[in-house]
Amino acid sequence: MPDPNSPASARRTVAAVLKDLDAIDGAMYAAVAATPTPTLDRALRRLSRTANHSKISLTVAAGLALAPGRPRRAALAGVGAVTVASAAANLFGKRMFHRHRPDRERALVVAERHVPMPRSASFPSGHTASATAFATAVGVVWPPSAVPLGALAVAVGYSRVHTGVHYPGDVAAGGVLGFAAAAVSLAFVQARQNRT
């Protein structure tokens, strides 16, 4: 009888759990693809494209930087968080996991939702990581922005699934990475503030 505590048994269990999670991820992706949402399709496609290269976050940061005090510190923390999140997602995460992008045609994602399919790996979602990092860091430093920026980050993440370029699991991982990146940026900003 095989030992349930052996390393081989543990590997089989982990592999089985990952297979089940992958099946759930694919089913959620397919459910979003199969749900007709003609009113939302254009808006979410536009949001997804506008979030490329963190344009939304950097525009908000530029506006905040014009005001002295907490808004300016929030902008600094937000830009730092975006930098950390983007580097972690694109330079490390995507190269480490090599997950293929979803097959949008096979899932029958309607053409009205399409944005250009990125060539990079799917896991984790860089858009979500950066948007979450920015919203979290800015929201901590300047709390009045937390709810609107948090809602925007959720919308950006969902738009990546809606347009067919990411699985929900990619977006969830991007969100976790974004929180971690925000923590790093906030720690740096706090340390800098303590030195002055």
Tell me yes or no: between the side chains of R101 and S122, is some donor less than 3.5 Å from an acceptor? no
Criterion side chain to side chain contact (heavy atoms under 4.5 Å, CB included) on R192 and L76, from CA distance to verdict: CA-CA 11 Å; R192 186 173 179 265; L76 176 64; 3.6 Å; yes
Rounding to 0.5 Å, atoms OG (S185) and CD (Q190) come to a distance of 11.5 Å
For V17, is there any backbone N or O sitting under 3.5 Å from a side-chain donor or acceptor partner on D20? no
Measuring only between side-chain heavy atoms, which start at C-beta, is V32 closer than 4.5 Å to Y158? yes
Side chains of R95 and S120 only: does a donor on one sit below 3.5 Å from an acceptor on the other? no
Locate the shortest heavy-atom distance separating P124 from A173; write the atom from each residue and the value. CB-CB, 3.9 Å
Where do V115 and R49 come nearest, in terms of heavy atoms and distance? CG1-CG, 3.4 Å
Note: A89 and G126 closest approach over all heavy atoms is CB-CA, 3.9 Å
Heavy-atom donor-acceptor pair, R72 side chain to A65 backbone, under 3.5 Å: yes
With distance as the sole test, does T132 use its side chain to make a donor-acceptor pair with the main-chain N or O of F179 at under 3.5 Å? no
V138 to L64 - nearest heavy-atom pair and separation: CG1-CD1, 3.8 Å
Within the side chain of D25, is there an N or O that forms a donor-acceptor pair under 3.5 Å with the backbone of G169? yes
So how far is it from E112 CD to L40 CG, rounded to the nearest 0.5 Å? 13.5 Å
Do R113 and T37 have side-chain N/O donor and acceptor atoms under 3.5 Å apart? yes
Is it true that, when you exclude M117 itself, more than 12 heavy atoms of the residues, nucleotides or ligands shown sit nearer than 6.0 Å to its CE? yes
Starting from L149, can I reach V82 by hopping between I/L/V/M/F/W/Y residues whose side chains sit under 4.5 Å apart? yes
Any donor and acceptor pair, going by atom type alone, linking the side chain of H114 with main-chain N or O of V109 inside 3.5 Å? yes
V161 and V165: same hydrophobic cluster, using ILVMFWY side-chain contacts below 4.5 Å? no
Test your reading of the model: is there a side-chain donor-acceptor pair from R70 to the backbone of V141, 3.5 Å cut-off? yes
With a 4.5 Å limit on heavy-atom distance, are the side chains of L47 and L152 in contact? yes
Do you know which two heavy atoms are closest between K94 and N90, and how far apart they sit? CE-OD1, 3.1 Å
For T128 versus V171, what's the shortest heavy-atom pair and its separation? CG2-O, 3.4 Å
Is it true that a side-chain atom of T83 and a backbone atom of V79 form a donor plus acceptor pair closer than 3.5 Å? yes
Looking at T163, is its backbone amide N or carbonyl O close enough to the side chain of R45 to form a donor-acceptor pair, meaning the two atoms are under 3.5 Å apart? no
Taking ILVMFWY side chains as joined if any heavy atoms are under 4.5 angstrom apart, and letting links pass through other members, which residues group with V147? none
In Å and rounded to the nearest 0.5 Å, what is the OG to CZ distance from S159 to R46? 12.5 Å
Would you check if the side chain of Y29 reaches a backbone N or O of H166 as a donor-acceptor pair within less than 3.5 Å? no
Partners passing ring-ring contact (aromatic ring centres under 6.0 Å, His included) against F92 (at least two apart in sequence or in another chain): none
About how many Å separate OG1 of T35 and NE2 of H162, when rounded to the nearest 0.5 Å? 9.0 Å
Test your reading of the model: is there a side-chain donor-acceptor pair from S57 to the backbone of S54, 3.5 Å cut-off? no
Are any of the side-chain heavy atoms of F134 and V60 separated by less than 4.5 Å? yes
With a 4.0 Å cut-off on N to O distance, would you call R99 and D22 a salt bridge? yes
Who else is in the cluster with M96 when I, L, V, M, F, W and Y are joined by side-chain contacts under 4.5 Å? F97, F123
